[in-house]
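Structure first, then comments.
Counting from 1, the numbers follow the sequence of the chain as shown.
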Amino acid sequence: MAKLVVVQQPKPPSLSLLPSSLSEFSGTKLPSQIKYKRQVCLPKPKGALNVRASSAKKILIMGGTRFIGVFLSRLLVKEGHQVTLFTRGKAPITQQLPGESDSDYANFKSQILHLKGDRMEFGFVRSSVAAEGFNVVYDINGREADEVEPILDALPNLEQYIYCSSAGVYLKSDLLPHFEIDAVDPKSSHKGKLNTETLLQSRGVNWTSIRPVYIYGPLNYNPVEEWFFHRLKAGRPIPIPNSGMQITQLGHVKDLATAFVRVLGNEKASREVFNISGEKYVTFDGLAKACAKAGGFPEPEIIHYNPKEFDFGKKKAFPFRDQHFFASVDKAKHVLGLKPKFDLVEGLADSYNLDFGRGTFRKEADFSTDDMILGKSLVLQS
């Protein structure tokens, strides 16, 4: 592997692709009374966009070894770009993916570069990044604005800064879906990402911000679909808070990676924000049923409960926020021409067959909060 820092990596065994179940699932698509609106943005300074996606670029990805970056880096390498991952080097820089041929993996591994360091060591970031002179930065793991400033300082001729933000920045509202022009919450748990967007805008660089909703897919380190798969495999009921009719939205990681590539060098993406997720919305109960279909399980037994009746301590009894939470992807569809490849069950089947269905997962099953809920449910039924 071509490297800036040489790191020996043992080659994992070749993995075979399991067939995906492509059964259909009728997600909920709400009739929107709010038509697509182009975002009102600041006037673009003359010459704000100099990057061209058709030309090979020297690209830095902050992160890139866990989830989103694993798929994004492959797409960028295939398009002929020189890609460097900035990580602490604690995890292998590359890994062969399920279904990836030996030749494809060897080709990717030989081209990916690695810059080893801690992004919180701002002096090192500034000097090491400046020495390489990258054209484009993909910031996948940035959380706070002060983590971005050294990179901007180091690259005065930067052509584009593409940032992974979050739909979690929106202010909670009774009017849904969230649009890119909606009010944001400066006190949200994602306020650092909101501050980063403000910084990028104030620095006058050419930037693009992507706001995913819930992300799912193979290698997901957040217990989104995995939470359901654990319970389905164990043959357990699935506890869902309140009515189970809360509406949410998921987007597949491979579709997200495609969106990140689509904004590269795209003049229409200059100084713009885009929501990225699946086209349809789904209820919590519907998601449980979709996970069952994707994994080939029987339709699950669903138990509804009132979270206020329990003290779970620091444990999280359910992986989603207990509210309606979904965003419009109309802007990405109209401006970028994006259309998700995966519908919900197809995407969940892809995740199951390439990850959990092979016996791999990020977190061990913990049914302790389930047992509290089910125990009370049985008492009430007796």
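Judged purely by distance below 3.5 Å, without hydrogens or angles, the side chains of H114 and T87 pair a donor atom with an acceptor atom. With no hydrogens or angles considered, no side-chain donor-acceptor pair links N220 and Y214 at under 3.5 Å. When only modelled atom types and interatomic distance are considered, T208 and Y161 share no side-chain donor-acceptor pair under 3.5 Å. A side-chain donor from one of E197 and S165 sits under 3.5 Å from a side-chain acceptor of the other. Checked by atom type, the side-chain pair N141/R119 shows a donor-acceptor distance below 3.5 Å.
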Evaluation steps, side chain to side chain donor-acceptor pair (under 3.5 Å), between D185 and H190: CA-CA 9 Å; D185 183 2; H190 298 280; over 6 Å; no
Candidate pair Y163 and Y138, rule ring pair (Phe, Tyr, Trp, His ring centres under 6.0 Å), full reasoning: CA-CA 6 Å; Y163 184 62; Y138 279 96; over 10 Å; no
Salt bridge (charged side-chain N to carboxylate O under 4.0 Å, His left out) between R203 and D153, worked out: CA-CA 10 Å; R203 290 288 295 260; D153 293 341; 2.9 Å; yes
E279/K333 under salt bridge (charged side-chain N to carboxylate O under 4.0 Å, His left out): CA gap, chis, key distance, verdict: CA-CA 10 Å; E279 286 187 288; K333 289 167 63 177; 3.0 Å; yes
Test salt bridge (charged side-chain N to carboxylate O under 4.0 Å, His left out) applied to R362 and D355, step by step: CA-CA 10 Å; R362 313 291 87 73; D355 199 353; 2.8 Å; yes
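Looking at N222 and I215, their side chains never come closer than 4.5 Å, going by heavy atoms from C-beta outward. A 4.5 Å side-chain heavy-atom check between V169 and R211 finds at least one atom pair inside the cut-off. Contact of the L171 side chain with the V184 side chain is not registered, since no non-hydrogen atoms from C-beta on lie closer than 4.5 Å. By the 4.5 Å heavy-atom criterion applied to side chains, I59 and T84 are not counted as neighbours. I112 is listed as a side-chain neighbour of L85, based on a closest heavy-atom distance under 4.5 Å. The shortest distance between side-chain heavy atoms of K280 and Q249 does not fall below 4.5 Å. By the 4.5 Å heavy-atom criterion applied to side chains, F325 and I247 are not counted as neighbours.
A donor-acceptor pair under 3.5 Å links the side-chain atoms of T198 to the main chain of L194, judged by distance alone. Put simply, the side chain of N275 gets close to the backbone of H178: a donor and an acceptor are under 3.5 Å apart. Counting only distance, with no hydrogens or angles, the side chain of K109 and the backbone of D104 share no donor-acceptor pair below 3.5 Å. Of the possible polar contacts, none joining the T283 side chain to the M245 backbone as a donor-acceptor pair under 3.5 Å is found. No donor-acceptor pair under 3.5 Å is formed between the side chain of N242 and the backbone N or O of D322. The closest donor-acceptor contact from the side chain of Q246 to the backbone of P241 lies under 3.5 Å. Side chain of H81 to main chain of L76: no donor-acceptor pair is present (N/O by atom type, distance under 3.5 Å, no hydrogens or angles). Under the 3.5 Å distance criterion, the side-chain polar atoms of E225 are matched with a main-chain donor or acceptor of G217. Looking at R271, its side chain never comes within 3.5 Å of a backbone N or O of L200 through a donor-acceptor pair. Looking at E226, its side chain does come within 3.5 Å of a backbone N or O of K363 through a donor-acceptor pair.
A salt bridge links K57 to E159: at least one charged side-chain nitrogen sits closer than 4.0 Å to a carboxylate oxygen. The pair E301-R236 does not count as a salt bridge, with every side-chain nitrogen at least 4.0 angstrom from each carboxylate oxygen. Salt bridge R231/D370: present, at least one basic N to carboxylate O contact under 4.0 Å. Under a 4.0 Å N-O distance rule, the pair K293/E299 does not qualify as a salt bridge. The residues E346 and K341 are annotated as not salt-bridged, no charged nitrogen and carboxylate oxygen being separated by less than 4.0 angstrom.
At most 12 non-hydrogen atoms from other residues, nucleotides or ligands lie less than 6.0 angstrom from NZ of K233.
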All N/O donor-acceptor pairs, side-chain side in residues 121-129, below 3.5 Å, sequence neighbours left out:
| from | atom 1 | to | atom 2 | distance (Å) |
| --- | --- | --- | --- | --- |
| S127 | OG | G123 | O | 3.2 |
| S127 | OG | F124 | O | 3.1 |
| S128 | OG | F124 | O | 2.7 |
| S128 | OG | V125 | O | 3.4 |

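The heavy-atom pair separating Q201 from W207 by the smallest distance is CA-NE1, 3.5 Å. The two residues P300 and K289 have their closest heavy-atom pair at CD-CA, 4.2 Å. Of all heavy-atom pairs between P239 and P237, the closest is CD-O, 3.4 Å.
With values rounded to the nearest 0.5 angstrom, N266 atom CG is found 10.0 Å from E272 atom CD. Of the inter-residue distances, the one linking L338 atom CG with K331 atom NZ reads 12.5 Å to the nearest 0.5 angstrom. Here CG of L219 is found 6.0 Å from CG of L97. Values are rounded to the nearest 0.5 Å. Taken to the nearest 0.5 Å, the CG atom of L113 stands 11.0 Å off from the CD1 atom of I93. Note that NZ of K191 and CZ of R143 are 13.5 Å apart. Values are rounded to the nearest 0.5 Å. One distance of note links CD of E309 with CD1 of I373; it measures 10.5 Å at 0.5 Å rounding.
By the criterion of side-chain heavy atoms lying less than 4.5 angstrom apart, applied directly or through intervening Ile, Leu, Val, Met, Phe, Trp or Tyr residues, I162 is grouped together with V253 in one hydrophobic cluster. I210 and L264 fall within the same hydrophobic cluster, defined by Ile, Leu, Val, Met, Phe, Trp and Tyr side-chain heavy atoms under 4.5 Å apart, directly or through other members.
Ring centroid separation for the pair H324 and Y281 does not come in under the 6.0 Å cut-off. The ring of F179 has its center no closer than 6.0 angstrom to the ring center of Y170.
With Y221 as the aromatic partner, R66 meets the cation-pi criteria of under 6.0 angstrom to the ring centre and within 45 degrees of the ring axis. For K376 and Y305, the positive end is not near the middle of the six-membered ring at less than 6.0 Å and at most 45° from its axis.
Using the six-membered ring where Trp is involved, F320 and F228 have ring planes that are tilted, between 30° and 60° apart. Using bins of under 30°, 30° to 60° and over 60° for the plane-to-plane angle, the ring pair Y352/F229 lands in the perpendicular bin. Note on ring orientation: taking the six-membered ring where Trp is involved, the planes of Y216 and H252 are perpendicular (angle over 60°, cut-offs 30° and 60°).
Residue pairs meeting the side-chain hydrogen bond (donor to acceptor under 3.5 Å, both in side chains) criterion with at least one member in residues 311-321, sequence neighbours excluded, are K315-D366, K315-S368.
Taking K172 as the reference, Q323 meet the side-chain contact (heavy atoms from CB on, under 4.5 Å) condition, with sequence neighbours excluded.
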